[in-house]
Peer 1: 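Sharing a structure below in structure tokens format, with a few things to ask.
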Amino acid sequence: MLNKYNFRESETKWQKFWQENNVYKFDINSKQPIFAIDTPPPTVSGHIHIGHIFSYSQAEFMARFKRMTGYNVFYPFGFDDNGLPTERLVEKEKKIKAHEMSREEFGNLCREVAQKYEQEFKEMFIKAGNSADFNLLYSTASPSVQKASQKSFIELAKNKLAYYAEKPAIWCPECRISIAQAELESKDIPSFFNYLHFPLSDGSGCLEIATTRPELLSACVCVFVHPDDKRYIDFVGKKVIVPFYHFEVPVLTDDKVSLEKGTGAVMCCTFGDETDLFWQEKHFLPIKTAIDDGGRMTQLAGEFAGLKIKVARESIIEKLKQSKELYKQENIIHAVSTHERCGTPMEINIKKQWFIDLMSHKKEFLELGNKINWFPSFMKSRYLNWVENIDRDWCISRQRYFGVPIPVWYCKNCGEIVFAEEKQLPCNPLTTQPLHACYKCGGKDFEPEKDIFDTWQTSSITPLINAKWIDGENNELIKKIYPMSLRPNAHDIIRTWDFYTIVKSFYHTNSLPWKNVMISGFVMADKDNKISKSKNNAKFNPSDLINEKSADVTRYWASTGSLGRDIIFSDEEMKNGAKLVNKIWNASKFVLSFLQNYQPKEIELTLIDQWIIAKFNNMQKNFINYFERYEIGLAIGELEKFFWNFCDNYIEIAKRRLYNPDVYGEDATESAKFSSFMVLKEMLKMFAIYLPHITEEIYKDFYENYEHEISIHKTLLKQISCHFDKKLSLEEIIKLGDDACEIVTSVRRFKSENNLSLKEEISSINISGFSQSINLLEQDIKAVCTVKNICYDNKNKEKQIIINK
RNA sequence: GGGGGUUUAGCUCAGUUGGUAGAGUACCUGCCUUACAAGCAGUGGGUCAUAGGUUCGAGUCCUAUAAUCCCCACCA
């Protein structure tokens, strides 16, 4: 018999039980259809926050729904624990810098710290009631995943889809690494427009030029004006003298120059921004490098050499002011592309690096995006919009330490690229040698590649990792789970994780990685603010939240968000969840108190019992339809509405029969028992998707004896079958019950308006305008609102309820 | 500048194919009713952002406009 519900005890107990009994284990031999989820491996870069719980819960509800509707669910878990985010975490936590120690030493520290966080992550997800199969755990830093990542790279390189090239790439001087277009974030930054004099070398005049980057004057290679700009027509073809450095550069024309911006004349440096890059390539301009990898000025900058970009800029402005070469300054706020991880403005740097070809297959990537079902559908536009606007290949070389090594060597003799062989993988070229001499020249001296991969190079193959692609493209698992059914993630990584995964799957398997993508929103602290790490206080700390309110209630809150939309963290919704959990407990305790030793028998049911079952079946159909559309919030809304109706109307009506079989008869009582037994059972199963703990507690206490599954989470959602009255249609049964509720409501209103207690007896009511069959429910109406007599006025067609006290 | 979301009750949001505006919550009122006062019952509260259009009929379809949020571009 159920006592008081103690969620702290109960939740831990069942979590342990589920793990020990492998309740969520994927069974590769099962004959059920498979639903495979490409779970996002959380980045190991700090603590779990409430946004994780929100976003993961939504996918988790899908997993549970699919499990309970007959699918064999492949729901793995992973950690993304290599690369810059983990390095930063380790540097911060251990108060060290990666470059101050050997790569091996640093790697060990990374593994140590990552392991600690991964344990915490895993515990946190289990604590939130997550039903991933932790037997399917992977980590992107593990040898097998490294092997898959390297194999992917080598395969692409051999198919000319990955290539090694010396070309300008986006560079973060703070992190000292190349970054991809997808890692840029536009930021509005205050700056100055500095107006400078560029005198003509022949002394015949002076060109005025506005620049935000005077520190790059030493890298100036030419000046551009628009070919149609009449103001500067006489300058074209002549030479001007660069201020401060006093060397000459030509005045050229290009129609990309804006007539309105600045003075209409622009200096081109290699490289100040991407337009400079464009011009350098188009006009075959020389390349001058004024900034080094660490964001300091080079010898080219003369007396500013060694200064950081910002300092150099301030210094040269002072000098230019003194020399009067700077004649005007204007405050502006301009958009600057920055590295999303550190906020530092990007630079352009030329290095020999590895790239993955994106530009040649944009059309295919767009087509593939169109073939995927996006939930919500409008998120597809974001993907298509991004792919359309991609304008460079994906640079995957990262000049860092803890990550997947690029498995190649370069022949010291002839420069030939030598790839690791598959049997060598995973391979660190710094500590191993190629298995053969150079194929081209026979040389035996190799220069190992020092760079590692962008983390996305690895995480873009999570469907292949999950499918054990590394074991061969025809292994049993890949045939079963690939393409996967579902990719869930938040909207911020559509352009990275979703896009790159589509790219990789297309290149490797000529197929989609998954059929459906489900996009969740962010959790906001309030209307304007994301929950950031700095705001990760007790209110938003998932562990504290769960300790205080329970995992079920936290999950309930997560279920109320709608797909793709940001949600504001709400105490109100938490309260509603707590009320719901409490109500489920009380209602179950009450109903089950009448069902001890009950043996369900299919008997003829009273009309009102048929009504609640018919309503349930309809509700369940709607619930399933919502889930098929990934509308998790609407699904629970439907269930909740039914549940409260069940409590407030059905139980109120049925309890008289349950209490007093001698008054109402054995058959009527059996009918009430059957209906409440069935409806509660099936409702609990549906609630189990959202509230796995409390429902399990009730199930294990009572329903396990009937369902013969060790956990409610192994049961299937079912329609309730019973003998419905053959003289009435299901619609009529539902209509009659709803009409009865309407009559009850009128009586209750009357009592409420007259300040009467609800148990006050009403001598009679006159009703008209209802179906004649309403008299079949007379007993129930009378019982629930304590009415002595009901009179039917069959002549009056107008719907009326008259109450006589 | 390009793309997308949102706009419905004080608040948070539902509203399927066009057919009398919904829920929860808050407010207010009543009720200790043989599960639950963390409960039950009930009242009030909306020019469906604005302006046009299509239609017998528009929250819903079409066209503009506005506000607001997001993505992309804008970096001289």
Side-chain angles (χ1 to χ4, degrees), chain A residues 2 181 184 186-189 191 193-194 209-213 216 223-224 256-258 261-269 272-276 279 332-338 345-346 376 378-391 491-492 494-495 521-522 524 527-528 560-562 564-568 570 572-573 575-576 578-594 622 625-626 629 631 633-634 637-638 640-641 644 647-648 651-652 655-656 658-660 744-760 784-786:
Chain A
L2 304 171
Q181 190 176 357
L184 292 177
S186 192
K187 264 215 282 198
D188 284 333
I189 293 181
S191 181
F193 240 151
N194 301 287
I209 287 178
T211 178
T212 54
R213 302 206 60 182
L216 287 176
V223 168
F224 280 109
K256 210 174 177 171
V257 176
S258 155
K261 212 179 267 188
T263 63
V266 50
M267 70 168 188
C268 175
C269 309
D273 63 22
E274 299 208 53
T275 317
D276 290 340
W279 281 329
I332 55 158
I333 290 181
H334 65 162
V336 177
S337 288
T338 63
M346 59 160 248
F378 64 80
M379 281 298 176
K380 181 160 82 179
S381 325
R382 206 180 273 205
Y383 170 84
L384 298 178
N385 192 239
W386 174 257
V387 177
E388 276 160 10
N389 286 307
I390 284 265
D391 57 13
H491 54 60
D492 57 333
I494 290 174
R495 66 181 188 171
F522 284 138
M524 309 287 282
K527 218 165 182 283
D528 303 311
T560 60
S562 49
R565 250 192 272 175
D566 296 345
I567 185 176
I568 296 171
S570 152
E572 281 307 315
E573 290 297 345
K575 261 187 226 163
N576 286 344
K579 275 164 68 173
L580 176 64
V581 167
N582 188 47
K583 188 80 175 175
I584 290 173
W585 184 255
N586 284 326
S588 303
K589 207 165 69 169
F590 180 63
V591 167
L592 299 183
S593 70
F594 296 103
N622 294 338
N625 281 337
Y626 279 133
R629 289 159 44 204
E631 290 285 4
L634 297 181
E638 190 77 8
E640 258 186 290
K641 194 171 78 187
W644 291 93
C647 291
D648 298 338
I651 294 184
E652 286 302 319
K655 71 182 180 187
R656 267 79 189 173
L658 294 169
Y659 273 122
N660 308 303
V744 169
T745 298
S746 299
V747 178
R748 284 167 171 169
R749 185 186 301 122
F750 176 84
K751 290 182 181 176
S752 190
E753 281 168 356
N754 291 284
N755 293 358
L756 297 172
S757 160
L758 289 177
K759 66 175 179 183
E760 193 87 19
V784 77
C785 54
T786 50

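Computed from a predicted model, the values in this text were never measured in an experiment. Letters A, B, ... are given to chains in the order of the sequence lines, protein chains preceding strands, and every chain is numbered from 1.
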Peer 1: Between protein and nucleotides 24-39 of chain B, map the contacts as a letter string: B base, S sugar-phosphate only, - none, heavy atoms under 4.0 Å, written 5' to 3'.
Peer 2: SS----SS-BSBB-BS
Peer 1: Would you say R565(A) reaches A14(B)'s phosphate, i.e. side-chain N/O to OP1/OP2 under 4.0 Å?
Peer 2: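 So the side-chain polar atoms of R565(A) do come within 4.0 Å of the phosphate oxygens OP1 or OP2 of A14(B), strictly under.
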Peer 1: Write down the atom of E760(A), the atom of T786(A), and the distance for their closest heavy-atom approach.
Peer 2: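 Taking every non-hydrogen atom into account, O-OG1, 3.0 Å.
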Peer 1: Quick check: any donor-acceptor pair below 3.5 Å linking the side-chain of N385(A) to the base of G2(B)?
Peer 2: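 Check passes, donor-acceptor contact within cut-off.
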Peer 1: Using a 4.0 Å heavy-atom cut-off across all strands, classify R213(A) as base, sugar-phosphate, or nothing.
Peer 2: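 Touches nothing.
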Peer 1: Do any side-chain nitrogens or oxygens of T212(A) fall under 4.0 Å of OP1 or OP2 in A76(B)?
Peer 2: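 Yes, because at least one side-chain N or O of T212(A) sits under 4.0 Å from OP1 or OP2 of A76(B).
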Peer 1: Quick one: M379(A) CE to U6(B) P, roughly how many Å, whole number?
Peer 2: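 Rounding to the nearest Å, CE of M379(A) and P of U6(B) are 10 Å apart.
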Peer 1: So does H334(A) get a side-chain nitrogen or oxygen closer than 4.0 Å to the phosphate oxygens (OP1/OP2) of A76(B)?
Peer 2: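 H334(A) to A76(B) OP1/OP2: side-chain N or O found under 4.0 Å.
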Peer 1: Is G52(B) paired to anything, Watson-Crick or G-U wobble with both distances less than 3.5 Å, and if yes, which nucleotide?
Peer 2: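 Partner of G52(B): C62(B).
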Peer 1: State the pairing partner of G44(B); accept Watson-Crick or G-U wobble contacts with both distances under 3.5 Å, and report none otherwise.
Peer 2: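 Its partner is none (no Watson-Crick or G-U wobble pair with both distances under 3.5 Å).
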Peer 1: Measuring from the side chain of D273(A) (C-beta onward, heavy atoms only), which nucleotide among G5(B), C75(B), G42(B) has the closest atom?
Peer 2: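 Taking heavy atoms from C-beta onward, the closest nucleotide is C75(B).
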Peer 1: Could you identify the nucleotide paired to G24(B), looking across every strand shown and requiring Watson-Crick or G-U wobble geometry with both distances under 3.5 Å?
Peer 2: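 Across all strands, the one nucleotide that pairs with G24(B) is C11(B).
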Peer 1: When we call it a touch if two heavy atoms are under 4.0 Å apart, what does S337(A) touch: a base, just sugar-phosphate, or nothing?
Peer 2: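 Base contact.
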Peer 1: Counting the atoms with a prime plus P, OP1 and OP2 as sugar-phosphate, which does T745(A) contact under 4.0 Å by heavy atoms, base, sugar-phosphate, or nothing?
Peer 2: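 Counting heavy atoms under 4.0 Å across all strands, the contact made by T745(A) is with sugar-phosphate only.
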Peer 1: Just call it for F193(A): base, sugar-phosphate, or nothing, with non-hydrogen atoms closer than 4.0 Å on any strand.
Peer 2: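 Sugar-phosphate contact only - F193(A) comes under 4.0 Å of backbone atoms but never of a base.
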Peer 1: Taking any heavy-atom pair under 4.0 Å as a contact, classify I189(A): base, sugar-phosphate, or nothing.
Peer 2: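 Nothing: the residue I189(A), judged by heavy atoms under 4.0 Å, touches no strand.
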Peer 1: If G39(B) has a Watson-Crick or G-U wobble mate with both distances under 3.5 Å, name it; if not, just say none.
Peer 2: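 The answer is C31(B), by the H-bond criterion.
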Peer 1: Using a cut-off of 4.0 Å on non-hydrogen atoms, how would the nucleic acid contact of V257(A) be classed: base, sugar-phosphate, or nothing?
Peer 2: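 Since a base atom lies under 4.0 Å of V257(A), the category is base.
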Peer 1: Closest to the S258(A) side chain: A41(B), A76(B), C74(B)?
Peer 2: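 That would be A76(B).
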Peer 1: From the options C71(B), C74(B), G4(B), select the nucleotide whose nearest atom is closest to the side chain of R382(A).
Peer 2: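 Minimum distance to the R382(A) side chain belongs to C71(B).
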Peer 1: Using a 4.0 Å heavy-atom cut-off, does S191(A) contact any base of the nucleic acid, only the sugar-phosphate backbone, or nothing at all?
Peer 2: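 The answer is nothing, as S191(A) stays clear of every strand by at least 4.0 Å.
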Peer 1: So what's A67(B) paired with, Watson-Crick or G-U wobble, going by both distances under 3.5 Å?
Peer 2: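 A67(B) is paired with U6(B).
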